[in-house]
Number of protein chains: 2
Amino acid sequence: MAKRRERAPRQADVARLAGVSQSAVSKVIAGGAEAARIPEATRRKVLEAVRELGYVANPSARSLRNKRNMLLGVHTFEPVFPHARESFFFEFLLGIEERAEELGYDLVLFTSTGASDGRRRVYRNGVNRLNLADGSVLLGAVTDKGDLARLAGEGYPFVHIGRREVPGAEFPCVVPDYRGVTGEIVDMLADQGHRHLAYLRATFGLEPYEDRRRGYAEAVARLGLQDRSPGARGESGLTTEWIEELISGPETAVVAESLPLADLLAAELRIRGLRIPRDLSVVVLEDLAPEVTTPWVALQIPRVQIGRTAIDVLVDVLEDPDGVAESTVVPCSVVPGATVAPAPR
Amino acid sequence: MAKRRERAPRQADVARLAGVSQSAVSKVIAGGAEAARIPEATRRKVLEAVRELGYVANPSARSLRNKRNMLLGVHTFEPVFPHARESFFFEFLLGIEERAEELGYDLVLFTSTGASDGRRRVYRNGVNRLNLADGSVLLGAVTDKGDLARLAGEGYPFVHIGRREVPGAEFPCVVPDYRGVTGEIVDMLADQGHRHLAYLRATFGLEPYEDRRRGYAEAVARLGLQDRSPGARGESGLTTEWIEELISGPETAVVAESLPLADLLAAELRIRGLRIPRDLSVVVLEDLAPEVTTPWVALQIPRVQIGRTAIDVLVDVLEDPDGVAESTVVPCSVVPGATVAPAPR
DNA sequence: TACGGTAGCTCATACGTAGTAGCACTGGGT
DNA sequence: ACCCAGTGCTACTACGTATGAGCTACCGTA
C-alpha cells in the first residue's frame with residue numbers, strides 16, 4: 001500500500017458538504033420508513049455528497065450501534081481444512097456456506113481457539129471467542145460437553161450438528177433422521193419378502209445409535225417381523241456362535257450398525273461358502289466413505305442439507321431467542337447397492 | 001436455549017464486580033506496557049471477574065476505537081466450498097487456516113458479497129464489507145481489477161494470492177516462483193543433454209505466464225542453449241507446420257506452457273509414430289490436477305505454503321502499514337514424470 | 001513541615017452510527 | 001388571537017472500548 005490509509009469519510013463529512021445534520025444523512029442512507037419523511041430535494045443533496053466523497057458506512061460502528069453483526073460463527077472441534085477432503089465433516093460446510101450466503105451473513109471460522117495439544121476448545125483462558133459472532137454452528141467428533149454446557153448456560157445462541165445430550169443444558173441440534181431411515185430400510189426388506197431379520201449391534205454406545213435402534217425396533221414391531229438375534233436383545237459384537245445360529249436359523253436379512261461389523265460378517269460368510277445377497281441380504285446403517293468399494297446397501301446422510309438447516313435453525317434462534325430449543329431432524333436416503341435381494345422361498 | 005441471552009457482559013460489568021473502574025479493566029485486558037503499572041493483586045481481581053462473567057471483548061467496539069480485531073478476512077471471488085474439492089483454490093485455504101490459527105487470528109469468510117449473478121464483488125451497494133476484518137487475503141480466478149484498484153485506493157490492507165498487476169494500485173501479491181522453477185526445468189533438460197529446445201506458448205496472456213517466459217528465456221541464454229521455435233519468438237498456439245519443423249529440426253525437448261498444448265502435441269506426435277520421451281522430451285509448465293493420468297514432468301505449486309505466506313505477509317502489512325508492497329515469491333517444485341529422457345545422440 | 005515524585009488508580013472523551021425526543025416553522029381551523 | 005397538526009429537520013444520546021489527562025494517597029527528602 002503506497003499511501004497510508006487516510007481517514008475514511010463519515011456521515012458527518014457528508015452532512016457538512018450537503019448542509020444538513022449527521023442524523024439527516026443517517027436517515028437518508030437508511031432508506032426505509034424514516035427516509036420517506038425526507039423531501040426529495042434534500043435526499044438528492046445528501047446522495048450527491050455521498051457520491052462525491054465516496055462515503056461508505058463503517059461496519060464496526062454500525063454493528064456497535066445495532067446489536068447484530070451479520071456474522072455467524074463456525075466452531076469445529078477439529079481443524080476443518082487440514083483434513084477436509086477426507087473429513088466426514090467437510091460437506092457440512094458446503095451447506096453452511098451456501099445458506100449463510102443466501103441469507104446475507106458472513107462466516108467466522110474460529111480457528112484461533114486451538115490449544116497446543118491440538119485440541120480445540122471454545123474457551124481459551126476462560127474467554128469465549130465465539131461471542132464475536134451473533135451465533136455459531138458447532139460440530140466435531142470430539143465435542144467437549146463441558147464447553148457446550150457452559151455455552152448454553154451463558155445463553156449464547158448456538159446449534160450443534162449431530163445429536164449431543166448434555167444434562168442440564170438445552171440447545172438445538174440438527175441431526176440426520178437415523179430413526180426414520182432405519183424404518184424405511186426395514187420396510188424395504190419386508191417388501192422384498194424378508195420376515196426374519198437379525199440386528200448386528202456395535203460395541204460402542206454413541207448417541208446416534210440409539211436412534212437407529214429405536215427406528216429398527218419400531219419398524220419390526222409395526223410390520224410384525226421376527227428378530228430373535230442377540231443384537232436385537234441388546235448384545236453387541238459378532239461371535240462365531242451367532243453366525244452359526246444365523247446360518248441354521250430362519251433369518252434371511254441382517255441389519256448391521258457399522259461397516260466393520262458388516263465386513264466381518266461378510267468375511268465369515270465367505271469362509272463358509274455363503275454369498276451375499278444370494279444366501280443372506282445385508283444392510284449397513286452407516287454413511288459409507290467413497291473409498292468403500294463393496295456395494296453395500298447403506299444409508300446416506302444429507303450433509304449439505306444438514307449444514308443449510310443448521311444455519312436456518314441458528315437464524316431462527318437469533319430472531320426469537322425465547323423459542324424452544326428443539327432438535328431438527330433431516331431425512332436421510334437409502335443408497336441402493338447389491339447386498340439385498342428378495343428373500344429366498 | 002432455556003433463558004434469553006442476557007446482555008453480553010462488558011468491561012463495565014467486569015469493573016463493577018472487581019470493584020475497579022472500566023478503564024482499569026481495559027488496561028488489564030490490553031496487557032502490555034500499561035498493564036505493567038497495575039499491581040498483581042488488582043490484575044488478579046479483574047481477571048477473576050472476567051472469567052466469572054465470561055467477558056469477551058466486543059470486536060465492533062474495539063475496531064471502532066482503534067483498528068485491530070484479530071480478524072483476518074478471506075475473500076474469494078468464487079464460492080470456495082461448493083467446488084472446493086476440485087478447486088484449484090481450495091488448498092490455499094489449508095495454509096491460510098493453519099497459519100492464522102498459529103498466529104491467534106480468526107478468519108472471516110466473506111460469503112455474503114455474492115451478487116445475484118453469482119459473481120462475487122468486494123463492494124456491495126458501494127459498501128466494502130471487508131472493513132470488518134483487519135485485513136484480507138483475496139484470491140480467485142476472476143479477480144475484479146476494479147475492486148482491487150478501489151481497495152488499494154482506500155488503503156485497505158490486503159494481499160492477493162497470485163500475481164495481479166493493476167495500474168496505479170500497489171498491493172502485495174504472493175505468487176508461485178514460476179520464473180525460478182522454469183529455470184530449474186531448463187537446467188534439468190540441459191543436464192540430460194538437451195541443447196536444442198522448443199517453447200510452446202499458450203494463446204491467452206494471463207500474467208503468470210510472463211514469469212515462465214522470462215525464466216525460460218533467461219535459462220536458455222544462461223546455459224547457451226538453442227531455441228528457434230515460434231513460441232520462443234512470441235507466437236502462440238501449435239500449427240501443423242511447426243510440428244513438421246520440430247520433427248525435422250534439431251530440437252530434442254519441448255517446454256509447453258499449458259496442458260492442452262502438451263496434449264495436442266502428444267496427439268500429433270502419436271499420429272506420426274513418434275513417442276514421448278523416446279523421440280522428444282516434453283515438460284508442462286503447469287500444476288496438474290490429480291485426475292490427469294499422463295505422467296507429464298510438470299511443476300507443482302506449493303499451495304499450502306502460499307496460503308501460509310499470504311497470512312504472514314498480511315500480518316506484516318498490518319504491523320507496518322507504511323512498508324513497501326512487494327510481491328513475495330514462493331518456490332515451486334518439479335514433479336518427476338515419464339516424459340523426459342536423456343537427449344538422443 | 002513542606003514539597004516533589006510516583007504508584008495506582010479514575011475521569012472524560014472520541015470513535016461512527018441510528019434512533020428518539022423535540023424544536024421551529026407553516027398553515028388551517030375556530 | 002390562539003391552538004393544533006403536520007413537516008422537516010436538529011440535538012442528543014447510547015453502543016463498548018482505549019487512552020491521555022488528572023487526581024489522590026503515600027513515601028522520601030530537605
Side-chain angles (χ1 to χ4, degrees), chain A residues 5-46 49-50 53-71 127-128 131-132 134, chain B residues 5-46 49-50 53-71 125-129 131-132 134 154:
Chain A
R5 186 123 115 109
E6 74 267 24
R7 247 219 7 275
R10 32 184 182 165
Q11 290 186 353
D13 300 323
V14 174
R16 205 171 315 117
L17 183 58
V20 297
S21 73
Q22 175 264 324
S23 28
V25 174
S26 172
K27 279 164 189 147
V28 168
I29 286 170
E34 285 283 347
R37 298 176 48 85
I38 289 183
E40 188 54 28
T42 310
R43 204 215 312 280
R44 277 235 319 275
K45 265 193 306 181
V46 169
V50 163
L53 294 180
Y55 165 83
V56 284
N58 178 324
S60 302
R62 242 184 203 172
S63 71
L64 177 60
R65 181 64 234 267
N66 313 335
K67 296 303 242 191
R68 293 282 282 269
N69 266 341
M70 295 311 278
L71 274 185
V127 169
N128 165 13
N131 262 328
L132 196 146
D134 297 338
Chain B
R5 178 149 153 81
E6 71 271 22
R7 246 209 14 279
R10 21 176 192 170
Q11 290 186 353
D13 300 323
V14 174
R16 205 171 314 115
L17 183 58
V20 296
S21 74
Q22 175 264 325
S23 29
V25 174
S26 174
K27 283 169 184 142
V28 167
I29 286 169
E34 286 283 347
R37 299 175 49 87
I38 289 180
E40 190 53 30
T42 310
R43 204 212 316 279
R44 278 233 320 276
K45 265 194 307 182
V46 169
V50 163
L53 294 180
Y55 165 82
V56 54
N58 178 322
S60 304
R62 215 169 229 191
S63 75
L64 179 59
R65 188 57 182 37
N66 45 26
K67 32 213 55 199
R68 291 292 279 269
N69 259 343
M70 294 312 276
L71 274 185
N125 308 330
V127 173
N128 166 14
R129 292 272 309 161
N131 264 328
L132 202 144
D134 298 337
E154 284 179 9

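In what follows, chains carry the letters A, B, and so on, assigned in the order in which the sequence lines appear, proteins first and then strands, with residues in each chain numbered from 1.
Of all heavy-atom pairs spanning A/L64 and B/A61, the tightest one is CD1-CB, 3.7 Å. In terms of heavy-atom proximity, B/P9 sits nearest to B/G54 at CG-O, 3.9 Å.
Rounded to whole Å, the distance from CD1 on A/I29 to P on C/dG19 is 13 Å. The interatomic distance linking B/R16 (CZ) with C/dT10 (C1') rounds to 16 Å, in whole Å.
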Between protein and nucleic acid, restricted to nucleotides 7-17 of chain D and to nitrogen or oxygen atoms under 3.5 Å apart, what atom pairs and distances do you find?
unit_1, atom_1, unit_2, atom_2, d
D/dC9, OP1, A/T42, OG1, 3.1
D/dC9, OP2, A/T42, OG1, 2.9
D/dT10, OP1, A/S21, N, 3.2
D/dT10, OP2, A/S21, N, 2.9
D/dT10, OP2, A/S21, OG, 2.6
D/dT10, O4, A/K27, NZ, 2.9
D/dA11, N6, A/S23, OG, 3.1
D/dC15, O3', A/K67, NZ, 3.2
D/dG16, OP1, A/K67, NZ, 2.9
D/dG16, OP2, B/R10, NH1, 3.0
D/dT17, OP1, B/Y55, OH, 2.4
D/dT17, OP1, B/N58, N, 3.2
D/dT17, OP2, B/Q11, N, 2.8

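Between atom CG of residue A/L71 and atom OG of residue A/S63 there is a gap of 7.5 Å, rounded to the nearest 0.5 Å. Note: A/Q22 CD to A/Q11 CD = 5.0 Å, rounded to the nearest 0.5 Å.
For A/R44, there are no salt bridge (charged side-chain N to carboxylate O under 4.0 Å, His left out) partners, not counting sequence neighbours.
Terminal axes of the helix from C/dT1-D/dA30 to C/dT30-D/dA1 (five pairs each, C1' rotation axis) are separated by 80°, to the nearest 10°.
Under the side-chain contact (heavy atoms from CB on, under 4.5 Å) test applied with B/K27, the options B/V20, B/I38, B/V46 reduce to a single match, B/I38.
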* Evaluate the criterion side-chain contact (heavy atoms from CB on, under 4.5 Å) for residue pair A/R62 and A/R65; output intermediate values, then yes/no. => CA-CA 5 Å; A/R62 242 184 203 172; A/R65 181 64 234 267; 5.9 Å; no
* **B/I29 and B/Y55: CA distance, side-chain angles, deciding distance, side-chain contact (heavy atoms from CB on, under 4.5 Å) verdict** => CA-CA 11 Å; B/I29 286 169; B/Y55 165 82; 3.4 Å; yes
